[in-house]
Amino acid sequence: MTLLAQNADPALSARQPPGLKVLFLTEMWERFSFYGMRALLVLYLVHSLGYTSADALSLYGTYTMLVYITPLVGGWIADRFLGMRLAAFVGGVVMMLGHFAMAVPALLQIALGLLVIGNGLLKPNTTSMVGELYDGPADPRRDGGYTIFYMGINLGAIFSGLVCGAVGETFGWHFGFATAGAGMAVGLCTFVGGQRLLARAGLRAGQRALGRHDLPVVAAFVSGSVALDLAVVAGWPWLGGLLAALSWARLLACAAALALPLLLLWRRALARSHVPLTPAERRRVQAICVLAAFLVFFWTGVEQAGGSMSLFADRQTDRRVAGFEFPASWFQSVDALFIVALAPFLSMLWTRINNSRWPLSDVAKLGLSMMVMGLGFVVMHIAQHHAGRQGGSVGPQWLFGAYFFLAAGEVMLSPVGLSLLSRAAPARSAALLMGVWMLAVALANKLAGSLEGLLAGSGIAPYFLLMNISIGLGLLLLALSPLLTRMLRRA
Ligand code: PHE
C-alpha cells in the first residue's frame with residue numbers, strides 16, 4: 001500500500017480510511033485460498049480421483065457457477081439478520097473448513113459444498129463493506145478504494161497459483177489444499193484482529209464488533225452448513241436422477257411452478273417486515289439489474305482467460321523461451337499480474353477524464369471498458385487464424401496481447417462497477433444487490449464453459465462471436481448511458 005501511496009494518481013493516493021487495509025488483506029488471503037484451490041481442482045480430479053476430463057470440467061463449471069449464486073443468499077442473510085461483518089466472518093470459517101476438507105479425498109462433496117456456502121456468505125459482504133468505509137455517496141475516495149481492493153484480490157490470485165499449485169503438484173494434493181486453508185485462516189485472523197480499524201463498517205445499528213458473544217451464531221451456521229451439505233449429498237442420487245429425467249423445458253416449468261408461490265410469499269413477508277423502496281430507489285435497483293445483465297456477457301469474455309484461452313496456451317502456443325518451455329498455467333498469473341500493474345494507470349486515466357472538459361459518466365465508463373475487453377478477442381481471433389494456417393501454433397506474444405486487453409477491460413470496469421453499485425444501492429439491501437451483481441459472474445461462468453459446445457457445428461468461431469458481443473454491447477451501453485445515469489441518480 002505504501003507503493004500505492006507514492007503513486008501520482010490523486011484518486012489512489014488520497015488518504016484512504018484505515019479499514020481499507022483490513023479488507024484489502026482479508027480479501028487478498030481469501031482469494032489466495034479460493035484461486036489456489038481452483039487451480040488444483042481439475043488436475044486433482046483427473047490425476048488423483050480418476051475423473052475423465054469431461055467429468056472434471058463439468059464439475060468445475062458447476063462449482064464455479066454455484067460459488068457465485070450463493071452470494072445472493074449470503075447478501076440477503078447479512079442485510080436481514082447478521083450484518084455484513086458477522087456474515088463475512090462466518091463465511092470465512094466455513095470456507096476454511098471447506099479447504100481443509102478438500103485435503104481428505106472422501107470428503108470431496110462436503111468440501112465443495114462448504115466452499116460454495118462459505119463464499120456466498122463472505123464475498124458479497126467483504127465487497128459491500130468497502131463501500132461502508134466512506135462518508136456517504138459523495139465521498140470522492142470510493143472509486144480509488146475499490147481499485148485498491150481489486151488489487152488485493154488479484155495479488156492473492158497471482159500468488160495462489162504459484163504457491164498452492166506448486167505445493168500441490170510437488171508435495172501432494174492434500175498439502176496444496178491445506179495451504180489454501182491456511183491462507184484463509186490468516187485472512188480470518190487479519191479480519192478479526194483489524195476490526196478496530198473498520199470502525200462501524202459492516203455492523204448493524206446497535207450491533208457489537210465480533211467477539212466471543214458471536215460464537216453461538218458461528219457454531220450454528222457451521223453445523224447448519226455441514227448438515228445441509230450432508231442432506232444434499234445423501235439425497236443426490238435421487239435428486240440427480242430426477243434432474244436427469246427432466247428435459248430442459250420440463251425443468252423450467254417445474255422451477256417456475258415452484259418459484260411463483262415462493263415469490264408471492266416472499267413479497268408478502270417483505271411488505272410486512274421491510275421498509276418498502278421509494279420510487280427513486282426502485283429506479284436505481286432497476287438500473288443496477290440492467291447493468292448486471294450486461295455484465296453477464298462481459299464476464300463470459302473475461303472467464304475465457306481460465307477456460308478456452310488456457311487450452312490455447314496449452315495446445316496452440318509456442319511456450320519455449322531460451323530453451324525452456326514454461327507451463328501453460330503460468331498464463332493465469334499473467335492475467336492477474338497485468339491487472340495489478342495496470343490498476344494505478346487506469347485509475348489515473350479515469351481521474352484525468354473526470355477532470356477534463358469531457359467527463360464520462362460511470363455507465364459510459366463501463367461501456368468503454370467492455371469495448372477494451374473486446375479488443376482482446378480481436379487479438380485472439382487473429383491468433384487463432386494464424387495458428388490454423390501455420391500448422392498449429394503461434395508465439396506467446398498473441399496471448400500476452402489478448403490478456404493485456406482482457407485485464408485492462410476488467411480493471412477499468414470492475415472497480416468502477418463495484419463503486420457505482422455501493423453508491424447507488426439502497427443501504428438496507430446493499431449486500432443483496434451485491435449478490436445480484438455476482439449472479440452475473442455465476443451465469444457467465446456457466447456460459448463461458450458451454451460456449452464451445454453451444455457453437456459446435458454452427459460455423460461461428462467463438463472468439464469472433466465474443467469480439468462482436470463485447471464491442472457491440474459496449475456501444476449499446478454507451479448509447480444507453482444517459483438514460484441509465486438518470487435512473488441511478490439519488491434524488
Ligand atoms: N476476479 C474477480 C474476483 O475474484 C471476479 C469477480 C468480480 C467476482 C466481481 C465477483 C464480482 O473477485
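Excluded from the calculations below are hydrogen atoms, water molecules and symmetry mates; all remaining heavy atoms, backbone and side chain alike, are included. Read the numbers this way: they start at 1 and go in the same order the structure lists the ligands and their atoms.
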*Asks:* Checking a contact table here: which protein heavy atom is nearest atom 12 (O) of ligand 1, and how many Å away?
*Replies:*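 For this ligand atom, the closest protein heavy atom is Lys123 NZ, 2.4 Å.
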*Asks:* Could you walk me through whether Tyr134 and Gln16 satisfy the side-chain hydrogen bond (donor to acceptor under 3.5 Å, both in side chains) test, starting with their C-alpha distance in whole Å, then the side-chain angles of each, then the deciding distance to 0.1 Å, before giving a yes or no?
*Replies:* CA-CA 9 Å; Tyr134 300 96; Gln16 288 287 346; 2.6 Å; yes
*Asks:* Against heavy atoms of Ile153, which atoms of ligand 1 measure under 4.0 Å?
*Replies:* 3 (C), 4 (O), 12 (O)
*Asks:* For ligand 1, is Tyr150 a contact, meaning one of its heavy atoms is under 4.0 Å away?
*Replies:*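 Yes, Tyr150 has heavy atoms under 4.0 Å from ligand 1.
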*Asks:* State whether the shortest distance between N or O atoms of Trp299 and N or O atoms of ligand 1 falls below 3.5 angstrom.
*Replies:*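 So ligand 1 has no N or O lying under 3.5 Å from an N or O of Trp299.
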*Asks:* Answer with yes or no whether Glu410 contacts ligand 1, where contact means a heavy atom under 4.0 Å from a ligand atom.
*Replies:* yes
*Asks:* Under 4.0 Å between a side-chain nitrogen and a carboxylate oxygen: does that hold for Arg142 and Asp139?
*Replies:*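 No, this pair does not count.
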*Asks:* If you measure from the Lys or Arg side-chain nitrogens to the Asp or Glu carboxylate oxygens, is any gap between Lys123 and Glu27 under 4.0 Å?
*Replies:*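 Yes, this pair counts.
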*Asks:* Is any NZ, NE, NH1 or NH2 atom of the basic residue among Asp214 and Arg85 found under 4.0 Å from an Asp or Glu carboxylate oxygen of the other?
*Replies:* no
*Asks:* Verify salt bridge (charged side-chain N to carboxylate O under 4.0 Å, His left out) between Arg423 and Asp143, making sure each step is shown before the conclusion.
*Replies:* CA-CA 10 Å; Arg423 232 178 305 126; Asp143 281 8; 3.3 Å; yes
*Asks:* When you measure from atom 4 (O) of ligand 1 to every protein heavy atom, which one gives the shortest distance, and what is it?
*Replies:*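 Heavy-atom neighbour on the protein nearest atom 4 (O) of ligand 1: Tyr35 OH, 2.5 Å.
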*Asks:* Applying the side chain to side chain contact (heavy atoms under 4.5 Å, CB included) criterion to Phe24, which one of Thr126, Thr190, Ile148, Ile153 satisfies it?
*Replies:* Ile148
*Asks:* Which atoms of ligand 1 are found less than 4.0 Å from any heavy atom of Tyr68?
*Replies:* 4 (O), 8 (C), 10 (C)
*Asks:* Going by the atom numbers of ligand 1, which of them fall below 4.0 Å from some non-hydrogen atom of Val441?
*Replies:* 10 (C), 11 (C)
